[in-house]
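First the proteins, then the strands, lettered A, B, ... as listed; each starts at 1.
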2 protein chains.
Amino acid sequence: MKTADPELMRAINRFHVLDTIRRFGAISRVEIGERTVLSATTVSAITASLLDDGLISTRHEGDLRGGGARGRPRVMLTLNPEAARVVGAKIASNRLVFCVTNFQGDVLASLTLPVRVDRLPVEVIADLVEDGVRRCVMDAGLALNEIKTVALSLPGIIEHGTGRVRSSAIFRDPNVSLKEAIVKRLDIDTIVESDANAITMAEHWFGRGRDCDDFVLVAIEESLGLGVLHGGQLFRGARELSLTLGDMIMGSDPEHAIKLSELASERAILDGDHGDSRVRDAIRLGQGMGRVRGLIEEGDNELRIAAARAGSALGIAIANLVALFAPPRVILVGSTLALGDYLLDSLRVAFAKAIPDPLKNVAQIVIDEVSDELWARGAAAVALGELYGSPWGTTGPARRSTAIEFSEK
Amino acid sequence: MKTADPELMRAINRFHVLDTIRRFGAISRVEIGERTVLSATTVSAITASLLDDGLISTRHEGDLRGGGARGRPRVMLTLNPEAARVVGAKIASNRLVFCVTNFQGDVLASLTLPVRVDRLPVEVIADLVEDGVRRCVMDAGLALNEIKTVALSLPGIIEHGTGRVRSSAIFRDPNVSLKEAIVKRLDIDTIVESDANAITMAEHWFGRGRDCDDFVLVAIEESLGLGVLHGGQLFRGARELSLTLGDMIMGSDPEHAIKLSELASERAILDGDHGDSRVRDAIRLGQGMGRVRGLIEEGDNELRIAAARAGSALGIAIANLVALFAPPRVILVGSTLALGDYLLDSLRVAFAKAIPDPLKNVAQIVIDEVSDELWARGAAAVALGELYGSPWGTTGPARRSTAIEFSEK
DNA sequence: GCACTTAATTCGCGTCGCGTTGTAATTGCG
DNA sequence: CGCAATTACAACGCGACGCGAATTAAGTGC
């Protein structure tokens, strides 16, 4: 455990203040004090230091206290957008999405490269990422050395600390250090994160999880991702591993075990319909599910059934998550949601049927259709979160290793 | 978030020191300093305060530095066993287990009441618990007013803060406040906790999780319990709800959905063999699984298959937990383990088959056959942990409520 | 008996958060 | 226009904390 000293105390409160300014935008010192339950004195001291460091700036307008604004007007504080810039990226099998954001997470430039990186060698992917980053940074009118951090997100199992990709649908080889490959090319601090964790941060900072420090997020795309926010922090497993949902086995019999990803991933839904070249092309373009929806509406019964089956499996999986994590909220995101009610109807039914009675009112299910850019922005948020100096140190080297063994008493 | 002030800082370090003394027994101030990474000064100050409060005591022996012990001898510090006493209890369907422990968790007296409380009204159960507590306290040579806290553990979904039992195989009625019922009778601080959380704490304090601040525990008894330790703290869900494993749905099709508890609970294994009165009696006595093992060895093929099926389902469920939580360790406990390899063989096979390759070496699986008393002791440990003044406040009122709803963008 | 070694305490310093006091910047009203 | 009222913020002093250095305590070895 981290030992508590005055330095940590200050780090915590400083982060708390900075985070409050981020969340509530232009905000006065008094209000920060109210929200953080810190004294005006302390807030003044911390904000002075933040101003000194150039992380925030003052604005002498926007004081919107109701009615007669008597007394000395409040000085509003905002993040200094120019305090830092980061690049966030989403690496998916058929596209790369980049965005450059400023210190408060505003997108300065974004770029989508519709390239199929699926199963390419790591070095090639890294080259593509390098190009994308360079170009997106240029689009934002910046130079590479003005970028503090690059955060990459991709599906799979990622070791956050080391930036190692344990496995990913995108990479042929397991256990590649994407972080190293990028640092070698760009010489910028690089974070590698699971895409589910990235979109989890995005929902927490910009989306449907803004008001909530504890929720579970299910990302339904080509892969099925899981992000867990606990106490405002991403939940990480051993060695800071990211979590996965697609590997959840649906079935009790090992002989007939079937993974959720084989039921509810986009490929699973499309299986059997590969022949249709319109769908194939649409998938290449990342529009697969919208296209599938169209086909269902035109009467493709096979796809309709596949979508419903995926929804059922997801509904059950989500009920399982509620039983296992008891989260106050579950947020659903991902391109597969484009199927709309063809997916969601059966999802709702299956969830309602699967959720045990006493857990019925525990979790609020929220469905959020988000843009690709938000995923990249989420990766940027991960990077910014660390720049803000989160005092709990989510970063760091992997911890002691453990080997599997069946040891008995 | 909790705001950081000097008081919190001191609370954290004080807890850290106290916890170190608990974990390592007789320990000198120097060593505490090394382990906590606190300065000798700070350790001295904190230990002085702990001595002053009577929580620890000194011992001028046991300095076992290797070889020539030169210099001023170390004064060893230990918990003061008499600083507090608590009662821990395990409430199971066919027995009540109580233990009185001192401040360091040593069992002063224990008591097993082989009564079937299954489906009895709450008030009756509370009466039985009252009797058990009173008698066990008397057995320990203590008076009731010397007991600081009573901690009850039982299977089901428990709201830790309020002491409300949302649902339990034991209670007929849902949503009963067991805490209130007990406080009314004993007028002692009462904690109600899921039995899985209790045994999780027991493993962390006394068992196979001593060296580990992060692990997942699966309790396989009549009910299937789940405990998650994260950063040395019990993971709690919304409203401080306990987690459940038995409600995990094994299957992708809502029509054929089957809960893990219907495959791997003791009742599920015994199903179809109810006719055998020897088994029925054995179950009454809480020896069900040992008896079942005997029957299997005598050639009961039906039971052998049921056990294997349960093992398979559990192996899959555990693989799912590893994917979802990525814990460095999974500890298996519970009376069903008495089936031995009739359960574990298929469990191992199913786990190995279900666990995705990249997660193979993440979690160490540990099987621990524990006594009933340890469960009760775990409940006591939950109580003691709060007495130690864990600064993160696991106790407290339930937080804001949330209703289920499907809201979309 | 004296040097040596190590443990534990004491002392002084710097930092933190907080309450109080003082100052700055505005409105309201005569 | 001027002055009181009001409100935001900064400055000062207090007490608590943790830490490093110096000091005291309590042994061993010769």
Side-chain angles (χ1 to χ4, degrees), chain A residues 1-17 20-21 26-52 56-77 389 391, chain B residues 1-17 20-21 26-52 56-77 389 391:
Chain A
M1 185 176 48
K2 183 130 184 72
T3 157
D5 56 16
E7 201 176 318
L8 174 71
M9 188 165 78
R10 185 164 138 279
I12 291 175
N13 287 334
R14 195 180 146 108
F15 175 79
H16 202 176
V17 167
T20 303
I21 298 174
I27 189 174
S28 65
R29 292 174 175 83
V30 225
E31 208 182 333
I32 294 172
E34 288 165 9
R35 292 200 181 275
T36 59
V37 203
L38 289 164
S39 75
T41 308
T42 306
V43 173
S44 260
I46 290 174
T47 51
S49 150
L50 292 172
L51 281 165
D52 202 49
I56 61 173
S57 44
T58 60
R59 231 176 44 184
H60 291 270
E61 54 198 57
D63 184 350
L64 30 77
R65 283 169 295 173
R70 296 151 63 80
R72 176 175 173 177
R74 302 178 169 183
V75 178
M76 307 311 262
L77 302 171
Chain B
M1 186 177 47
K2 182 127 183 77
T3 159
D5 56 17
E7 202 176 317
L8 175 70
M9 187 165 77
R10 183 163 139 278
I12 291 175
N13 288 334
R14 195 182 147 108
F15 176 79
H16 202 175
V17 167
T20 303
I21 297 174
I27 189 175
S28 66
R29 292 174 175 82
V30 237
E31 207 181 335
I32 294 172
E34 289 164 8
R35 292 199 182 275
T36 59
V37 204
L38 289 164
S39 74
T41 308
T42 307
V43 173
S44 258
I46 290 175
T47 52
S49 149
L50 292 172
L51 280 166
D52 202 48
I56 61 173
S57 43
T58 60
R59 232 177 42 185
H60 291 268
E61 54 200 54
D63 184 350
L64 30 77
R65 283 169 295 174
R70 295 148 65 77
R72 175 176 174 178
R74 301 177 170 185
V75 177
M76 307 311 260
L77 302 170

Q: Enter the distance from A/Leu8:CG to B/Ile12:CD1 here, rounded to the nearest 0.5 Å.
A: 6.5 Å
Q. Side-chain contact, heavy-atom cut-off 4.5 Å: A/Thr20 with A/Val17?
A. no
Q | Gap separating the CE atom of B/Met76 from the OG1 atom of B/Thr58, nearest 0.5 angstrom | A | 11.5 Å
Q) In whole angstrom, what separates A/Arg74's CZ from D/dT7's C1'? A) 9 Å
Q | Whole-Å distance separating the NE2 atom of A/His60 from the C1' atom of D/dA8 | A | 12 Å
Q. If you round to the nearest 0.5 Å, how far is OG1 of B/Thr36 from CD1 of B/Ile21?
A. 9.5 Å
(Q) Between P on C/dT6 and CD on B/Glu31, what's the gap in Å once rounded to a whole number? (A) 16 Å
Q.
Using side-chain heavy atoms (C-beta onward) and a distance below 4.5 Å, is A/Pro73 in contact with A/His60?
A. no
(Q) How many whole angstroms separate atom CD1 of B/Ile12 from atom P of D/dG18? (A) 10 Å
Q.
How would you summarise protein contacts on nucleotides 9-18 of chain C per nucleotide, using B for base, S for sugar-phosphate only and - for none, with heavy-atom distances below 4.0 Å?
A. BBB----SSB
Q | Smallest separation among heavy atoms of A/Arg14 and A/Ser49, with atom names | A | NH1-OG, 2.5 Å
